[in-house]
Amino acid sequence: GGERDLYLQVHGALIPRGESGHARAVLVFTDITGIKRSEQVRKDFVSNVSHELKTPITSIKGFVETLIDGAAEDREILERFLGIIARQADNMHAIIEDLLQLSRLDEQSLGLEESPVNVETVLRNALERVREIARSRDIRLELRTDEACMVRGNQGLLEQAVFNLLDNAVKYSGSGGEIVVGVRRKGAVAEVFVRDQGVGIPPEDLPRVFERFYRVDKARSRETGGTGLGLAIVKHIALVHGGGVSVESSPGMGSEFMITLPQEQA
Ligand code: ADP
């Protein structure tokens with residue numbers, strides 16, 4: 001079951017004694033390692049989803065039962081518990097929405113509605129969506145687009161990818177500091193970057209942050225209402241555009257997330 005194991009399916013047949021007088025056996029080995037791996041990935045995913053949805057459900061059930069047992073008579077407790085229940089329900093809703101989006105992206109990998117998109121427009125629209133929360137946390141936002149840059153793709157999805165990165169940059173910045181979002185041209189590729197001065201990510205976690213439900217700090221992520229799917233969605237959006245994602249970070253200093261996209265040929 002480990003990463004390096006090889007799975008072989010064996011088919012055997014005995015061949016009757018021939019003229020030579022020897023009995024022979026034929027064994028056919030088929031390498032099914034790939035199939036086994038994707039089976040395991042699917043099993044892990046289903047078990048992750050179940051766990052992620054079970055956590056808020058269990059909490060909701062607990063609070064409801066306590067209310068039924070009489071706690072509802074205290075107006076203050078009633079209101080506090082209902083608030084918690086509503087937040088847990090919102091969290092489940094967010095997880096389900098993100099899962100649906102991921103499955104739509106799986107189907108969409110071909111036949112995506114696309115057109116030439118100006119990257120600067122994407123960055124500006126995404127910035128608008130975090131302006132208010134950034135202001136409330138005293139975080140400065142800066143846009144850096146030195147050159148005009150066009151890509152081919154779906155503007156709504158690209159905006160969502162950049163928004164997810166900006167949303168994280170704000171979430172994991174605490175208060176104060178600066179977030180820079182921009183695009184640079186690297187040959188045939190446009191590289192969108194979102195840089196923050198937040199908590200950063202330990203080197204051992206870096207390779208896994210784009211995985212579904214992977215979080216560096218589970219408690220903190222839940223507290224901020226995170227689903228653990230934001231970066232998986234960013235990665236998927238980049239992939240359906242023929243691009244990719246990467247990240248550099250040092251704990252305590254900040255992080256820089258990048259999305260590379262093929263540039264639209266003029
Ligand atoms: P979440 O909903 O938990 O934010 P994401 O998929 O968006 O899920 O991110 C996965 C994990 O990567 C987060 O839980 C967090 O630990 C880490 N992370 C993402 N963005 C940043 C960032 N800008 N700074 C520090 N850590 C981050």
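Atoms within a ligand are numbered from 1 in the order they appear, just like the ligands themselves. Throughout, numbering of the chain's residues begins at 1 and tracks the sequence.
Counted by atom type alone, Glu159 and Gln155 present one or more donor-acceptor pairs between their side chains at under 3.5 Å. Under 3.5 Å, the side chains of Asp106 and His236 contain a donor-acceptor pair of N or O atoms.
Per-residue contacts place Ser255 under 4.0 angstrom from the following atoms of ligand 1 (heavy atoms of the residue considered): 24 (N), 25 (C). Close approach of ligand 1 to Gly200 (heavy-atom distance below 4.0 Å) involves ligand atoms 25 (C). When each atom of ligand 1 is checked for a heavy atom of Val209 under 4.0 Å away, the hits are 10 (C), 12 (O). Close contacts between ligand 1 and Gly226 involve ligand atoms 2 (O) [criterion: under 4.0 Å to a heavy atom]. Those atoms of ligand 1 with a heavy atom of Gly230 less than 4.0 angstrom away are 5 (P), 6 (O), 7 (O). Close contacts between ligand 1 and Leu231 involve ligand atoms 5 (P), 6 (O), 7 (O), 9 (O), 10 (C), 12 (O), 19 (C) [criterion: under 4.0 Å to a heavy atom].
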Applying salt bridge (charged side-chain N to carboxylate O under 4.0 Å, His left out) to Arg42 and Glu39, what does each step give before you reach the verdict?
CA-CA 5 Å; Arg42 191 182 48 77; Glu39 240 171 53; 5.9 Å; no
Report, one line per pair, each donor and acceptor closer than 3.5 Å where one atom sits in a side chain of residues 161-176; sequence neighbours left out.
from	atom 1	to	atom 2	distance (Å)
Asn164	ND2	Gly230	O	3.2
Ser173	OG	Ala169	O	2.6

Tell me which donor-acceptor pairs under 3.5 Å the side chains of residues 63-75 have, and how far apart each pair is, sequence neighbours excluded?
from	atom 1	to	atom 2	distance (Å)
Thr66	OG1	Gly62	O	2.7
Asp74	OD1	Glu76	N	2.9
Asp74	OD1	Ile77	N	3.3
Arg75	NE	Glu79	OE2	3.1
Arg75	NH2	Glu79	OE2	3.2

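The CZ atom of Arg129 lies 9.0 Å from the CG atom of Asn125; values are rounded to the nearest 0.5 Å. Taking CG of Leu99 as the reference point, atom CZ of Phe213 lies at 5.0 Å (rounded to 0.5 Å). Between Glu211 atom CD and Asp44 atom CG the span is 10.0 Å, to the nearest 0.5 Å.
Residue contacts with ligand 1 do not include Arg212, since none of its heavy atoms lies under 4.0 Å from the ligand. No heavy atom of Gly198 sits closer than 4.0 Å to any atom of ligand 1.
Of the candidates Gly228, Pro251, Ala169, the one placing a heavy atom closest to atom 1 (P) of ligand 1 is Gly228. Of the candidates Phe210, Phe213, Tyr172, it is Tyr172 that places a heavy atom closest to atom 15 (C) of ligand 1.
Atom CD of Glu248 sits in a sparse spot, with 12 or fewer heavy atoms from other residues, nucleotides or ligands closer than 6.0 Å.
At a 4.0 Å heavy-atom cut-off, ligand 1 touches Asp196 through the side chain alone.
Where the criterion is an N or O separation shorter than 3.5 Å, residue side chain and backbone included, Val216 meets it with respect to ligand 1. Where the criterion is an N or O separation shorter than 3.5 Å, residue side chain and backbone included, Tyr214 fails it with respect to ligand 1.
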